[in-house]
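Down below is the structure, laid out as structure tokens.
To find a chain, count down the sequence lines: A is the first, B the second, and so on, and within it residues start at 1.
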Number of protein chains: 2
Amino acid sequence: MGGPRFEPVRAVRAYERVVEQVEEAVESGALSPGERLPSERELMVQFSVSRSTVREALRVLQARGLVRSRPGDPHGAEVLPFTPAALHKSMTTLARVEELSLAELVQFRMVLDSAAILLAARLRTEEQLAEMGRAVEAMRGAVEAGEDAFGAADVAFHDAVVRAGGNKLIEICTDVVRSIVLKLIAERIAEAPDREALMRRSIHHHEEVIAAMRAGDGPLAARLSRKAMYDYYAGYVEECERGALRALLE
Amino acid sequence: MGGPRFEPVRAVRAYERVVEQVEEAVESGALSPGERLPSERELMVQFSVSRSTVREALRVLQARGLVRSRPGDPHGAEVLPFTPAALHKSMTTLARVEELSLAELVQFRMVLDSAAILLAARLRTEEQLAEMGRAVEAMRGAVEAGEDAFGAADVAFHDAVVRAGGNKLIEICTDVVRSIVLKLIAERIAEAPDREALMRRSIHHHEEVIAAMRAGDGPLAARLSRKAMYDYYAGYVEECERGALRALLE
DNA sequence: GGCAATTTGTTCGTATGTATG
DNA sequence: ACATACATACGAACAAATTGC
């Protein structure tokens, strides 16, 4: 006994080492968005691997949203600014293969949104509050204009809220989950009965949320927002799953 | 005017079409975890592309956690069960390049955890409650045993809670963010002063949470859990950022 | 345990269409 | 318009690894 404790070594592919090095350079800031990677031929020299290996590595980096390469580009692959695209992709996959129900997704939104509102009620500036107000105004104007305009204004409101909340992780996850939910009910949302009444009630709810935030009552604002989201989406959720959503309404 | 409205066509690479088809097969259930893909040479015939193209596609699918291929395996690439590995990877990247602060991550955990507890307080079975109790017992026994055992028991507790909450998205995100947080403070957690006092207080908090859940008081249990997490992690968070965490304590 | 067949990992060469200057 | 350098894609080849006999 005693002696050195050796660890099992997993065979690591050549392309993985290339990925690791580029990834490290990007995440450490040595390579910034907008900058370019050397050309594939240059990379195969620097890493002393073949062209195919370089290309496989670039495919993986591209799948992770770190770089983008275009045919014929003399500048080489471009380092991209962070986008939640990869996060979006893996959550979408999760939603499909794990069969996440719409109820679970909406519930997740209710949780994140009310948390953001709770935070925003404390941290918001007057300007941010005004921005939320303008978004609700836009929603009012968009009732006639159609789904897309209304939806865009609604997104603007919630974006303003989560930004005011100051948590980037909440911001990004909210964005990702919202788009997944919208995609799931996109075809049903237009043909919902009482569409206009739903919109007007939603606007009313949003105004109540703003009022509560202005008064500094975060818990109330959060409770109101959960109620608003429940009212808006409950119609699309299976009856038997609404109970779980109502559990968040107190 | 009039005439057909043509849509812009983005040049789609050959490997992407391969990825799309395999991805569709996996997500639709036509290909189940444990099943095998044809060999690379067989795939190049079926898709009528070169082997390099097949391999680039396989690398992307592997990066997304859908398949795994090993050298020499005569059965071809294996279709994997879903793991949050890809989600974990993209969140870790997010944490690094977007410079998520520890405070934001902990805040996110406080939000998800208290939501799960709120749900679990309503939906938990007696058996699940008992499982949480056993986890706390294990924590008590692990105070002497060391960090790892205590941490494992703590994980078991929170796992039992989120499972009882019944939202798989919350479950997975909790798991991902927890491991990121732990990695960030791994080296500091062992050398924290008053380590044992921290553990004992944490155990006490967990017992209070269970009691509140048993009494059916979800909001109280959630509030207690936020407080518990704040107490446990506040020491690792920059002074100036603790305010944002306290905003969740009411 | 050893051996043969097959597969993946990797390299190299070549042809083609494309973007830049 | 042209030349250059690039990414895309194909095909052949060899080494290393795995499976099944």
Would you say dC6(D) has OP1 or OP2 under 4.0 Å from some side-chain N or O of Ser39(A)?
-> yes
In whole angstrom, what separates [X]'s [atom1] from [N]'s [atom2]?
{"X": "Met44(A)", "N": "dT10(C)", "atom1": "CE", "atom2": "C1'", "value": "11 Å"}
{"X": "Tyr15(B)", "N": "dA7(D)", "atom1": "OH", "atom2": "P", "value": "14 Å"}
{"X": "Leu43(A)", "N": "dA5(D)", "atom1": "CG", "atom2": "P", "value": "17 Å"}
{"X": "Arg36(A)", "N": "dA5(D)", "atom1": "CZ", "atom2": "P", "value": "18 Å"}
{"X": "Arg68(A)", "N": "dT8(D)", "atom1": "CZ", "atom2": "C1'", "value": "17 Å"}
{"X": "Glu42(A)", "N": "dA7(D)", "atom1": "CD", "atom2": "P", "value": "11 Å"}
{"X": "Arg13(B)", "N": "dG17(C)", "atom1": "CZ", "atom2": "P", "value": "16 Å"}
{"X": "Glu40(B)", "N": "dG9(C)", "atom1": "CD", "atom2": "C1'", "value": "8 Å"}

For residues 52-67 of chain B, which residues have at least one heavy atom under 4.0 Å from DNA chain D?
-> Ser52(B), Thr53(B)
Listed partners of [X] passing side chain to side chain contact (heavy atoms under 4.5 Å, CB included), at least two apart:
{"X": "Gln21(B)", "result": "Phe47(B)"}
{"X": "Arg163(B)", "result": "Glu131(B), Asp159(B), Ala160(B), Glu171(B)"}
{"X": "Ser48(B)", "result": "none"}

Would you call Arg13(A)-Glu56(A) a salt bridge at under 4.0 Å N-O?
-> no
Salt bridge present between Glu104(B) and Arg109(B) (N-O < 4.0 angstrom) = no
Do other residues, nucleotides or ligands put more than 12 heavy atoms under 6.0 Å from [X] [atom1]?
{"X": "Glu187(A)", "atom1": "CD", "answer": "yes"}
{"X": "Glu238(A)", "atom1": "CD", "answer": "no"}
{"X": "Glu127(B)", "atom1": "CD", "answer": "yes"}

Which residue pairs pass the salt bridge (Lys or Arg N to Asp or Glu O under 4.0 Å) test with at least one member in residues 41-51 of chain A, sequence neighbours excluded?
-> Glu40(A)-Arg51(A)
Assign a letter to each nucleotide of nucleotides 13-21 of chain D from its 5' end: B, base within under 4.0 Å of a protein heavy atom; S, sugar-phosphate only; -, no contact.
-> B---BBSS-
Any-strand Watson-Crick or G-U partner of dA1(D), both distances under 3.5 Å | none
